[in-house]
Amino acid sequence: MADPTFYVTTPIYYVNSVPHLGSAYTTVAADVIARFKRMCGYDVFFLTGTDEHGQKVAKAAADAGKDPKEWADEVVTHFYAAWQDLLITNDDFIRTTDERHLEGARSFLQLLYDKGDLYLGEYEGLYCVQCETFWLPSQLVEESQCPDCHRETTVVKEENYFFRLSQYQDRLLEHIKAHPDFIQPNVRRNEILSFIDQGLKDQSVSRTSLTWGIPCPFDEKHVMYVWVDALLNYITAIGYGRDEAHFAKYWPAQWHLIGKDILRFHCVIWPAMLMAAEMPLPERVFAHGFLLTEGERMSKSKGNVVSPAELIAKFGVDAYRYYFMREISFGQDGSVSMESMTARFNADLSNDLGNLVSRVIAMVDKYVDGIVPEPGREEGLDTELKETARGLFSQIDARLGVLGYADALSAIWEFVAKANSYVDRSTPWDLAKETSLEERLRTVLYNCLEALRQIAIVVWPFMPSACEKLWAQLGIPEPISRQRIPAALEWGSMPIGGKVTKAEGLFPRIYE
Ligand code: ME8
């Protein structure tokens, strides 16, 4: 039987500027779940990409004196590089200027038009260029400013095509109520429920005020509103209108991962568009919180952005990925700083995990010539360690099932602590002094290695390169990425007689 499929997406990022900690945050989170699900035997499709049309990008290009496509071609290379640096394993990268996207998006819009879900109307509204959003007067701050970026809005009046969003109000409410998992976390679900309860207005889906966009197939004077264009990436990338078999294999997505700033687009407009096209809705949308630096939302428009590359240079890619997944509860806002990153690094990585690895490997090297020993009779301490390991998979699986990254890591670190205390309590250094205790020494060292093997597997989705190094030290020939869980977590799978190799510390302490 074919493996079950698992389709996970990130937002497609605007190419008005280069990747920053915020875009990296969503992308790393998606990568962790993609790697974990692959390990669980799923046929994963992990999509990310760039949003290249619309006023915001056209403006950034114009400011740089470039043609928008030329500008996008340049900026997108920074996304490719950043995702490579962060060891992101996306299966595809969609650009909204790709031919495949243009075609798919146009046929989707034509379908809505043919079904009578679009009509020509006149729009007058307060528009924020930066955020590509029309606002109601009641939503503005300081009378005329955009509530998101605090820039001045302008009155825009133009002929637009409208999507009959209002007609989907009841069906949307029904769907959200019938599928409690559809919008997560719960606070976002409630936010959307009350937003829909206030009544939905039809949604403008085209523009005549700019040309940098996809022409509407039924009226080429209009280009698609950038958000409609962008949302369609989730289906055009996997073959909508082009490769129906591939499309049917992966759609609907299991997860759309987004930031809470783009909740309404994903939980109101997008599902209604899909309903209009009579297509299944994504199974779940998760809106995470904002990363804050010194208490403020980090954003390109505020200019308080730290680059992922700076942090990777200082802490390494593994610690980078670990920190964001461990420090902030996914779904909530969270402050990030050099100080807390250094503290996490030294406590969790250098002390807890790094020391466990280096002392176990050093003892195996010293006491049994680096050869994985055959364990003897099991004692109480061993059973305790083994039992803790036994519960690990189901805990991680349950926590990652709701994108509880920090919770999954804390369960893993409880096991790391357990393994450290196993070493302390079983005192191999004393056992090594007595030849009569040789069997006990072998058992203890074997269990320590087995614990490291299991840790390497479950930590790998979070810290792939460190775990690959640890795996190499353990001398297991089959690659770590090929391990299938839960089977590979069967206690006692560490191959006896293999050669363990000492290496440099995985996480040398950082002194500030
Ligand atoms: O909105 N903290 O693109 P975008 C956490 N193109 N995450 C953040 C963040 C912060 N301070 N700032 C940004 C767009 N993000 C559209 C999306 S999808 C069909 C179209 C993350 O480049 C977060 O995931 O502005 C947010 O949703 C995304 O970057 C927005 O990126």
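What you see below is based on every heavy atom in this structure, not just the backbone, and it leaves out hydrogens, waters and symmetry mates. Counting starts at 1 for both ligands and their atoms, in listed order.
- At a heavy-atom cutoff of 4.0 Å, ligand 1 is contacted by the side chain of His288 but not by its backbone.
- Annotation for ligand 1: atoms under 4.0 Å from non-hydrogen atoms of His20 are 12 (N), 13 (C).
- In this structure, Trp270 does not count as a contact residue of ligand 1, since none of its heavy atoms falls inside 4.0 Å of the ligand.
- By the 3.5 Å distance cut-off applied to N or O atoms, Asp51 is counted among the residues near ligand 1.
- Ligand 1 has no nitrogen or oxygen under 3.5 angstrom from a nitrogen or oxygen of Tyr25.
- Distances below 4.0 Å separate heavy atoms of His266 from the following atoms of ligand 1: 18 (S), 19 (C).
- Using the six-membered ring where Trp is involved, Phe182 and His175 have ring planes that are perpendicular, over 60° apart on the 30 and 60° scheme.
- In this model, a donor atom of one side chain and an acceptor atom of the other lie less than 3.5 Å apart for Asp202 and Ser166.
- Side chain to side chain, Thr97 and Glu52 meet the donor-acceptor criterion of an N or O pair below 3.5 Å.
- The ring-ring contact (aromatic ring centres under 6.0 Å, His included) contacts involving residues 200-221 comprise His53-Trp212, Tyr113-Phe218, Tyr161-Phe218, where partners must be two or more places apart or lie in separate chains.
- Judged purely by distance below 3.5 Å, without hydrogens or angles, the side chains of Tyr13 and Thr48 never pair a donor atom with an acceptor atom.
- Note: Trp270 and Phe108 have tilted aromatic rings, judged against thresholds of 30 and 60 degrees for the angle between ring planes.
- Between Phe330 and His288, the ring planes lie tilted relative to each other; the angle falls in the 30° to 60° range.
- Not a single heavy atom of Ala287 sits less than 4.0 Å from an atom of ligand 1.
- His222 and Asn160 form no side-chain donor-acceptor contact under 3.5 Å, judged by distance and modelled atom types alone.
- Taking any N or O of Leu291, backbone or side chain, at least one lies under 3.5 Å from an N or O belonging to ligand 1.
- Residue Tyr234 holds the heavy atom nearest to atom 18 (S) of ligand 1 of all those in Phe290, Phe324, Tyr234.
- Distances below 4.0 Å separate heavy atoms of Ala230 from the following atoms of ligand 1: 19 (C).
- Heavy-atom proximity to atom 24 (O) of ligand 1, evaluated over Thr26, Val57, Leu21, Ile12, is greatest for Thr26.
- For residues 23-47, the salt bridge (charged side-chain N to carboxylate O under 4.0 Å, His left out) pairs, not counting sequence neighbours, are Asp31-Arg35, Asp31-Arg321, Arg38-Asp91, Asp43-Lys249.
- Here Phe265 has no heavy atoms under 4.0 Å from ligand 1, in either its backbone or its side chain.
- For atom 21 (C) of ligand 1, the choice among Ala24, Gly259, Gly22, Gly49 with the nearest heavy atom turns out to be Gly22.
- Close approach of ligand 1 to Gly289 (heavy-atom distance below 4.0 Å) involves ligand atoms 5 (C).
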